[in-house]
Amino acid sequence: MRAIPLLRLLPLAALLLGGCAVGPAYVKPTTPEPAAFKEAQGWSPAAPADALDRGPWWTLFNDAVLNELAGQIEVSNQNVAAAVAAYAQSRALVQQQRAALFPSVSLSTSGERSGTRNAGADNNYRLNIGTSWEPDLWGRLRASASAGSANAHASAADLASARLSAQGELAANYFVLRQTDAQAALLAATIEGYQRLLQITQNRFDAGIAAKSDVLQASTQLANARIDALSLVRQRAQFEHAIAILLGKAPADFTLAAAPWLAFVPEIPVGVPSALLQRRPDIAAAERRVASANEQIGIARSAYYPNIGLTGSVGNAGSRVSDLFSASSALWSFGLSAAQSLFNAGATRASVAGAEAGQQAAVARYRQTVLDAFGDVENQLSATRVLAQQMVLRRQASESADQVEAQMLNRYKAGQVGYSEVVQAQASALSARRALVQAQGDRQSTAISLIQSLGGGWQAQ
């Protein structure tokens, strides 16, 4: 072929390569975006962005054991491992879909021997290089690749969600376990006090200055405290097992020794609502799935247009293997095919309508995810503020109950009150102490939930 005719074909080749998209242009759905969080009065603003590294947010709690455990989530948690594999699978699918945009080349060879009884046998050998290509005139293949790319980004966001969820669950379980240790230490000290009081009551009964009912009440109170302590042992074992599973270990292979509880709650800067849309991985995943659903409309619409295919091959044929390398035995072929559906009883129209409905459903899910995210943050901000106020009152109630217990015990020893009043004061004091510990644990759990609601930490300017 001469050079000039070849150059004349270049515009046609450019047209075939460029094609024309028949799907709608993607526009990110609008979402409700308040100017500020309702419950954020008094909070310092953050400057989060989804592209920034959130870093190990759990280090804000200043617990060395938690830092060590959380670092193992990335490599040991099986839910995170599954999300990593799903992301790798989605990326491979994108590469597969993009490969359809280019021609495919194949090499084939064959050999056969045939003949009749009278004429004898003949050999026939073939060596062929073939190519086929479907020009993406209507943008169907590009839309498939774009949809796959959007799904891959959604899988990446799902991976971030799985990682954040596992980290948050680990931190929450860890602090509840430490809270259980604190409750157990509190009960151990209480049991020691009850044992001493039982001995005092027994001595008073032996001296004839206390009733038998006082000894029985003291014994009952001690037994109930021991029962509560055993319940904490069972509860602690359950959280220890949960932590082991989060780390990808069998519970039998994991033990977490008791340690002092650092009931520390970090100050958490709160991002503005617009920043929340950028950093929450579930919001990012929902938005990317809207983009993928938008591409499905173009894929469905491309069925209205003909499918065009180009094929070509070059090869040799001969009765001997040496003939395969002879120019005189060369064979070539070139083909153009086009196919168009003339009647399918409205199947294409229904497919387009289904894709459009799917895109509308994805938009609705995205907007609902945004609303849920705003609700999560508002709930955690409200809980954080209320729990901080309750913490002050819990501490006051515990201190007052301790004073009442001490006074009632002294008055009982002086014979001024009955033992039932001592029991009541001790029960109130123990309940107030345990409620104080529970309030401290609730504040830490709420801080973890707030960090997760904000997308996992932040980066301040």
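Closest approach of Pro24 and Asn294 over heavy atoms only: O-ND2, 2.9 Å. Of all the heavy atoms in Leu246 and Ile73, the pair that sits closest is O-CD1, 3.5 Å.
Pro56 places none of its side-chain heavy atoms less than 4.5 Å from the side chain of Asn67. Contact of the Thr311 side chain with the Thr131 side chain is not registered, since no non-hydrogen atoms from C-beta on lie closer than 4.5 Å. Looking only at side-chain heavy atoms (C-beta outward), Leu69 and Phe254 come within less than 4.5 Å of each other. Taking 4.5 Å as the limit, some side-chain heavy atom of Asp376 sits within range of a side-chain heavy atom of Arg280. The side-chain heavy atoms of Leu430 and Tyr194, taken from C-beta on, include a pair separated by under 4.5 Å.
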Compile the donor-acceptor pairs under 3.5 Å between side chains in residues 83-93 and protein atoms, sequence neighbours left out, one pair per line.
| residue | atom | partner | partner atom | Å |
| --- | --- | --- | --- | --- |
| Ser90 | OG | Ala86 | O | 3.4 |
| Ser90 | OG | Tyr87 | O | 2.7 |

I'd like a table of donor-acceptor pairs (distance under 3.5 Å, sequence neighbours excluded) in which one partner is a side-chain atom from residues 152-159, with atom names and distances.
| residue | atom | partner | partner atom | Å |
| --- | --- | --- | --- | --- |
| His153 | ND1 | Ser149 | O | 2.8 |
| Ser155 | OG | Asn151 | O | 3.1 |
| Asp158 | OD2 | Arg289 | NH2 | 2.4 |

Quick one: side chains of residues 351-360, donor-acceptor pairs under 3.5 Å with protein atoms, not counting sequence neighbours, listed by atom name and distance.
| residue | atom | partner | partner atom | Å |
| --- | --- | --- | --- | --- |
| Glu356 | OE2 | Arg301 | NH2 | 3.4 |

Which side-chain N or O atoms in residues 435-447 pair as donor and acceptor under 3.5 Å with protein atoms at least two apart or in another chain?
| residue | atom | partner | partner atom | Å |
| --- | --- | --- | --- | --- |
| Gln438 | OE1 | Gln179 | NE2 | 2.8 |
| Gln438 | NE2 | Asp442 | OD1 | 2.9 |
| Gln444 | OE1 | Trp261 | NE1 | 2.9 |
| Gln444 | NE2 | Leu262 | O | 2.9 |
| Gln444 | NE2 | Phe264 | O | 3.1 |
| Ser445 | OG | Gly441 | O | 3.2 |
| Thr446 | OG1 | Asp442 | O | 2.8 |

Distance-only criterion, 3.5 Å: show the donor-acceptor pairs between side-chain atoms of residues 391-402 and protein atoms not counting sequence neighbours.
| residue | atom | partner | partner atom | Å |
| --- | --- | --- | --- | --- |
| Ser400 | OG | Gln396 | O | 3.0 |
| Asp402 | OD1 | Arg433 | NE | 2.9 |
| Asp402 | OD1 | Arg433 | NH2 | 3.1 |

- From CA spacing to verdict: ring pair (Phe, Tyr, Trp, His ring centres under 6.0 Å), Phe175, Phe61: CA-CA 10 Å; Phe175 283 128; Phe61 292 91; 5.1 Å; yes

- Item | Worked check of side chain to side chain contact (heavy atoms under 4.5 Å, CB included) between Arg142 and Glu295 | CA-CA 9 Å; Arg142 293 196 307 278; Glu295 297 294 345; over 6 Å; no

- Begin from the C-alpha positions of Val65 and Leu256 and carry the test side chain to side chain contact (heavy atoms under 4.5 Å, CB included) through to its verdict. CA-CA 9 Å; Val65 178; Leu256 191 59; 3.9 Å; yes

- Query: Please walk me through it: do Trp58 and Tyr174 pass side chain to side chain contact (heavy atoms under 4.5 Å, CB included)?
  - Reply: CA-CA 11 Å; Trp58 52 87; Tyr174 173 79; over 6 Å; no

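With rounding to the nearest 0.5 angstrom, the CD atom of Glu169 is 11.0 Å from the CD1 atom of Ile448. A distance of 12.0 Å separates CG of Leu187 from CZ of Arg226, quoted to the nearest 0.5 Å. Between Leu170 atom CG and Leu247 atom CG the span is 5.5 Å, to the nearest 0.5 Å. Going from atom CD of Gln380 over to atom CD1 of Ile451 covers 11.0 Å, rounded to the nearest 0.5 Å. The structure places OG of Ser453 at 9.0 Å from CG of Leu164, a figure rounded to the nearest 0.5 Å. With rounding to the nearest 0.5 angstrom, the CG atom of Asp63 is 6.5 Å from the CZ atom of Arg178.
One side chain, Gln368 or Asp372, offers a donor N or O that lies under 3.5 Å from an acceptor on the other.
Judged as a side-chain hydrogen bond (donor to acceptor under 3.5 Å, both in side chains), the pairs with a partner in residues 229-239 (not counting sequence neighbours) are, in order, Asp181-Arg236, Arg236-Glu240.
Crowding of Tyr305 atom OH: a count of heavy atoms from other residues, nucleotides or ligands under 6.0 Å not exceeding 12. In the displayed structure, Gln340 atom CD is contacted under 6.0 Å by more than 12 heavy atoms of other residues, nucleotides or ligands.
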